Amino acid sequence: MDGFTSEKLLQNGISEERINEKNLSEIDLSHRILSGIDLRGFTITKVNLEHADLTAADLRFLQFGTANCVGASFIGADLRGANLSFGYFNNSDFRGADLRGAILVDSLCSESNFSGADLRGATLGTGHYDSDFRGADLRGAVLPPDYDFEQINCDMRGALLTVPKDEMAKNMRKLERIQLSDQLPVINKETQQHMGSLIDINAHGLKIMSQFETNLGSVYKINIILPGECIYGETLELNIKSIWCNPDHDSSNFFTGFEIQNPTKTVTDIIDKLIKNYRSRRIEITD
């Protein structure tokens, strides 16, 4: 833990024991100035952060666990892979925050400001009434069925969406992702090293399990080792870009979601064949 974080917490009345244990659960930190703090690895279940200042804080992969963050400031904060489910974020300020791969299912975020935020690959819930998404990047975001930003009175001016917003929910429901019964090896073509195992795939993206955290936005050239029955050869060559990365809490591995860059017809044909081969274990896209 960095000295800045320890000093900041001590200044806000947190005991050294709590700091060493990285446990802020059930503590009242409302209205506290916590800007720039690094809370990675902390437990913050049921913490009260109402109107707290977490500007530019490092909150990657944090599990908020029903935290009260009403009116809190997360301006420019790093919330990549954070789980905000079942939290209270009404009237919170996420302007310019990095929420790639974050989970907001069943969180209350009405009248919140997400303008300029990066929500690529994030999973949104239904509680975003009257929120501001101007200029936000929502490419690859997963939305609830029949989601309509206009119906819940959100400002979407300048927001980036994978498809036009009136088609987005419909297309997400129809986009099939196949979970593989065999985890196919993935090779980094440039280094020729094993990158991880293919967990699931569709025509636009894939998920890989690996032993290392992937830098978001990184582009890779990969070869997927195909099963023997594939008529297109032994490997599938792809250019992919990482859009989210989450740790596997049951192991030391990481799951990373990638967007396939400019897929050719041959690529989509191979993926279609994989989908047919593994259709017995298909699932809808949820990541």
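Computation of the quantities below employed the complete heavy-atom set of this structure, encompassing side-chain atoms and omitting hydrogens, waters and symmetry-equivalent molecules. The structure displayed is predicted, hence computed values, not measured ones.
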J.: For H31, give me all partners under ring pair (Phe, Tyr, Trp, His ring centres under 6.0 Å), at least two apart in sequence or on another chain.
T.: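 Counting only residues at least two positions away or on another chain, H31 forms a ring pair (Phe, Tyr, Trp, His ring centres under 6.0 Å) with H51.
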J.: Between S115 and D132, does any side-chain donor sit less than 3.5 Å from a side-chain acceptor?
T.: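 Not at all, the side chains of S115 and D132 share no donor-acceptor pair under 3.5 Å.
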J.: Report all side-chain donor-acceptor pairs from residues 209-216 shorter than 3.5 Å, counting only partners two or more places apart or in another chain.
T.:
unit_1, atom_1, unit_2, atom_2, d
S210, OG, F212, O, 3.0
T214, OG1, T256, OG1, 3.3

J.: Quick test of your reading: applying side-chain hydrogen bond (donor to acceptor under 3.5 Å, both in side chains), list the pairs with at least one residue in residues 186-196, sequence neighbours left out, ordered by first then second residue.
T.: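 For residues 186-196: K189-E237.
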J.: Going by the rule salt bridge (Lys or Arg N to Asp or Glu O under 4.0 Å), which residues pair with E7 if we only count those two or more places apart in sequence or in a different chain?
T.: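 Applying salt bridge (Lys or Arg N to Asp or Glu O under 4.0 Å) to E7 gives none.
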J.: Centroid-to-centroid, F89 to F64, below 6.0 Å?
T.: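 They qualify: ring centres under 6.0 Å apart.
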J.: Are S242 and S218 close enough that a side-chain donor and a side-chain acceptor fall under 3.5 Å?
T.: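 No, no side-chain donor-acceptor contact under 3.5 Å.
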J.: Roughly how far apart are I208 CD1 and F254 CZ, rounded to 0.5 Å?
T.: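 Interatomic distance, I208 CD1 to F254 CZ, rounded to 0.5 Å: 14.5 Å.
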J.: Holding to side chain to side chain contact (heavy atoms under 4.5 Å, CB included), I want the full list of residues that pass it with R120, two or more places apart in sequence or in another chain.
T.: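 R120 satisfies side chain to side chain contact (heavy atoms under 4.5 Å, CB included) with R100, D118, D137, R139, K241 once adjacent residues are dropped.
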J.: F114: what forms a ring pair (Phe, Tyr, Trp, His ring centres under 6.0 Å) with it, not counting sequence neighbours?
T.: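 Testing F114 for ring pair (Phe, Tyr, Trp, His ring centres under 6.0 Å), a comparison that skips the adjacent residues, returns F94, H128, F133.
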J.: If hydrophobic clusters are built from ILVMFWY residues whose side chains come within less than 4.5 Å, do I187 and I224 share one?
T.: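 Result: no, two separate clusters.
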J.: When you measure from the side chain of R32 to the backbone N and O of N12, does any donor-acceptor pair fall under 3.5 Å?
T.: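 Confirmed, R32 side chain pairs with N12 backbone.
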